[in-house]
Amino acid sequence: MSVDLTTEQREIVGMVRDFVEREIIPTVHQLDHDDEYPQAIVDHMKELGFFGFAISEEYGGSGLDYQTYAMCCEEIARGWMSVTGVINTHFIVSFLLEKFGTDEQKQRFLPRMATGEMHGAFSMSEPNCGSDVQAIEPRAVRDGDDYVINGTKMWVTNGERSTVVATLVKTDPSAKPAHRGMSCILAEKQYAGINASKKIEKLGYKGVETTELVFDNNRQPAVNLLGGVEGEGFRQMMAAIEVGRVNVAARGVGVSQRALELSLEYAQQRHTFGKPIAQHQAIQMKLAEMATKITAARLMTQMAAKKKDAGERADVECGMAKLFATETCFECVAEAMRIHGGYGFSKEYQVERLYRDAPMLVIGEGTNEIQKLIIARGLLERSAAAS
């Protein structure tokens with residue numbers, strides 16, 4: 001935990017940690033291996049106000065800054081990374097609404113999102129389009145007071161249980177460059193023609209559903225065009241994805257922290273050659289490197305969150321945090337498995353789950369290879385502007 005937290009921040013993060021210890025950690029093993037949606041956990045999160053964490057008090061939320069939100073995500077991921085996925089896309093949508101939505105959209109969606117009555121999802125990726133966002137294909141054609149949407153989206157977290165999906169579509173396919181013809185539609189599930197047609201089976205990241213989402217002549221009212229202006233979708237989505245990258249970085253820290261805790265505990269219990277393995281220098285070096293990198297990842301994540309809180313462009317900082325924290329996580333869970341030896345490979349131990357979860361983080365919210373390009377491009381732009 002950061003050393004410069006306010007009393008309120010410590011209380012909020014402490015409350016989340018208590019919730020994780022009491023309700024997530026004791027149940028995660030069975031839920032993960034059954035690939036079961038954590039409905040009871042989600043219902044209690046709604047009761048406790050988790051779904052309003054990053055929504056302004058004006059709309060019934062808690063109005064937490066992104067630094068506090070990131071620390072809460074770290075705690076939740078420490079219990080089970082999948083639960084952070086349940087709220088990540090929700091808050092990406094709430095950010096889009098607060099930053100770019102019309103007054104009518106804010107009043108219509110945000111109060112119900114703050115209570116969890118409405119659940120947000122976020123959709124850019126497609127079967128033939130991942131990192132190359134400008135290659136999206138789904139069309140939204142204006143027809144009177146509606147937009148008619150056709151096309152397929154992929155890798156939609158909360159695709160089945162969400163009630164509103166912020167969806168990037170093409171409204172002007174002839175636009176040059178392509179991003180100028182993209183718009184964001186707040187697609188509500190209440191309108192026919194949206195179908196979460198296929199649940200994607202995954203290596204890890206169990207429990208939370210990841211789906212294909214098919215739009216088949218789906219009619220959305222024109223008032224669901226984010227901000228009421230066509231052609232702004234790409235810019236809106238790129239700003240919102242920074243919130244997602246703070247979340248993913250925080251997940252990386254949380255999963256890494258849990259791997260370290262389990263390794264410290266196991267290393268003091270497991271004996272070889274007449275003493276606990278924690279007394280062997282090889283194990284001590286692993287633990288020291290894990291703890292050092294986790295601390296650095298945590299500080300980078302908080303730095304990125306503070307930059308986002310300031311309302312400044314944070315593509316470089318969020319990219320750095322996401323890159324470093326998730327690569328750290330990937331390394332730490334592998335080291336935790338080595339420390340646990342054969343037991344780390346067993347489904348009886350939690351390390352096996354962490355090992356399956358970590359790969360998603362280096363891919364999700366933009367691959368780490370893409371993060372490097374974003375960081376380099378941002379640094380070059382800033383250097384040119386300063387000269």
Mind running side-chain hydrogen bond (donor to acceptor under 3.5 Å, both in side chains) on Q220 and N218 for me, showing each step along the way? CA-CA 6 Å; Q220 294 288 332; N218 171 244; 3.0 Å; yes
With a 3.5 Å distance limit and no angle check, can you tell me whether D309 reaches the backbone of Y66 through a side-chain donor-acceptor pair? yes
Donor-acceptor pair, distance only, cut-off 3.5 Å: does the side chain of S94 make one with the backbone of F91? yes
Assess, by modelled atom type and distance only, whether the side chains of D146 and Y191 contain a donor and an acceptor separated by less than 3.5 Å. no
Could you check whether Y349 and Y343 have their ring centres less than 6.0 Å apart? yes
Within the supplied structure, the quantity of interest is the number of heavy atoms (other residues, nucleotides, ligands) at a distance under 6.0 Å from R313 CZ; does it exceed 12? no
Donor + acceptor pair across side chains of T68, Q9 (<3.5 Å): yes
Using the rule given for salt bridge (charged side-chain N to carboxylate O under 4.0 Å, His left out), can you reason through K170 versus E137, listing the C-alpha separation, both sets of side-chain angles and the distance that settles it, and then say yes or no? CA-CA 7 Å; K170 282 190 174 180; E137 298 175 355; over 6 Å; no
If every non-hydrogen atom of I294 is compared with every non-hydrogen atom of T328, which pair is closest and at what distance? N-CG2, 4.1 Å
Apply side-chain contact (heavy atoms from CB on, under 4.5 Å) to residues F109 and V164 and explain how you reach the verdict. CA-CA 9 Å; F109 289 108; V164 57; 4.0 Å; yes
Quick check: does any side chain N or O of E209 sit under 3.5 Å from a backbone N or O of K199, one acting as donor and the other as acceptor? no
Can a donor-acceptor pair be found, under 3.5 Å and without considering hydrogens, that links the side chain of N158 to the backbone of V86? yes
State plainly whether the residues D35 and K202 are in salt-bridge range, i.e. N to O under 4.0 Å. no
Q284 side, atom CD; E289 side, atom CD - distance, nearest 0.5 Å: 12.5 Å
Under 3.5 Å, is there a donor-acceptor pair between the E188 and N224 side chains? yes
Main chain of L361, side chain of K322: is a donor-acceptor contact present, judged purely on distance under 3.5 Å? yes
Can you find a side-chain donor-acceptor pair between T211 and E160 that sits under 3.5 Å? no
Donor-acceptor under 3.5 Å (H29 side chain, K347 main chain): yes
Step by step, would you call C72 with I12 a side-chain contact (heavy atoms from CB on, under 4.5 Å)? CA-CA 8 Å; C72 291; I12 292 170; 3.8 Å; yes
Side chain to side chain donor-acceptor pair (under 3.5 Å), paired with K307, selected from Q67, Q302, E312: E312
Any salt bridge between R258 and E261, counting N to O under 4.0 Å? yes
Just verifying a value: how many Å separate R17 CZ and E75 CD, rounded to the nearest 0.5 Å? 4.0 Å
Using ring pair (Phe, Tyr, Trp, His ring centres under 6.0 Å) as the criterion, list what pairs up with H90, not counting sequence neighbours. F51, H119
Closest approach of M238 to I241 (non-hydrogen atoms, all atoms of both residues): O-CG2, 3.1 Å
Salt bridge present between K206 and D34 (N-O < 4.0 angstrom): no
Nearest-0.5 Å distance, OG of residue S56 to CG of residue L110: 7.5 Å
Is it the case that R108 and Q105 place a side-chain donor and acceptor less than 3.5 Å from each other? no
Determine, step by step, whether S125 and K153 satisfy the side-chain hydrogen bond (donor to acceptor under 3.5 Å, both in side chains) criterion, reporting the C-alpha distance in whole Å, the side-chain angles of both residues, the deciding distance to 0.1 Å, and the verdict. CA-CA 6 Å; S125 296; K153 291 292 188 178; over 6 Å; no
Closest non-hydrogen atoms of T167 and A187, given as atom of the first, atom of the second and distance, are OG1-CB, 3.9 Å
Partner residues of L48 under the side-chain contact (heavy atoms from CB on, under 4.5 Å) criterion, sequence neighbours left out: F19, H44, F50
Name the residue from D357, T84, T301 that meets the side chain to side chain donor-acceptor pair (under 3.5 Å) definition with R251. T84
Say whether E365 and N88, considering side chains only, have a donor N or O and an acceptor N or O under 3.5 Å apart. yes
Does any N or O in the side chain of S256 come within less than 3.5 Å of the main-chain N or O of C332, such that one atom is a donor and the other an acceptor? no
Tell me whether D145 at atom CG has more than 12 heavy atoms from other residues, nucleotides or ligands lying less than 6.0 Å away. no
Examine distances only and state if a side-chain atom of E36 and a backbone atom of D32 form a donor-acceptor pair shorter than 3.5 Å. no
Using side-chain hydrogen bond (donor to acceptor under 3.5 Å, both in side chains), reason through E230 and Y147 one step at a time and then give a plain yes or no. CA-CA 11 Å; E230 291 187 2; Y147 280 98; 2.6 Å; yes
How far apart are the C-alpha atoms of V156 and T210, what are their side-chain angles, what is the distance that settles it, and do they pass the side-chain contact (heavy atoms from CB on, under 4.5 Å) test? CA-CA 5 Å; V156 185; T210 306; over 6 Å; no
About how many Å separate OG1 of T295 and CE of M300, when rounded to the nearest 0.5 Å? 13.0 Å
Please determine whether side-chain contact (heavy atoms from CB on, under 4.5 Å) holds for the pair W80 and R353, giving the CA-CA distance in whole Å, both sets of side-chain angles, and the decisive distance to 0.1 Å. CA-CA 9 Å; W80 190 16; R353 168 175 54 83; 3.9 Å; yes
Residue pair E57 / S62, side-chain donor-acceptor N/O under 3.5 Å: no
Just checking R338: does its CZ atom have more than 12 heavy atoms from other residues, nucleotides or ligands closer to it than 6.0 angstrom? no
Looking only at side chains, do Q350 and Y355 share a donor and an acceptor under 3.5 Å apart? no
Test: R245 and E242 ion pair at under 4.0 Å: no
Quick one: closest heavy-atom pair of A166 and L186, and the distance? CB-CD2, 4.3 Å
When you measure from the side chain of S183 to the backbone N and O of G231, does any donor-acceptor pair fall under 3.5 Å? yes
Between Q107 and D103, is a side-chain hydrogen bond (donor to acceptor under 3.5 Å, both in side chains) present by the stated rule, with each step listed? CA-CA 6 Å; Q107 294 295 338; D103 289 340; over 6 Å; no
Nearest heavy-atom contact between R219 and D143 is NH2-OD2, 2.7 Å
So, E21 and R78, do they make that salt bridge, N to O below 4.0 Å? yes
Against the six-membered ring of Y37, is R161 placed for a cation-pi contact (under 6.0 Å from the centre, within 45° of the normal)? yes
Charged N-O contact under 4.0 Å between R377 and E381: no
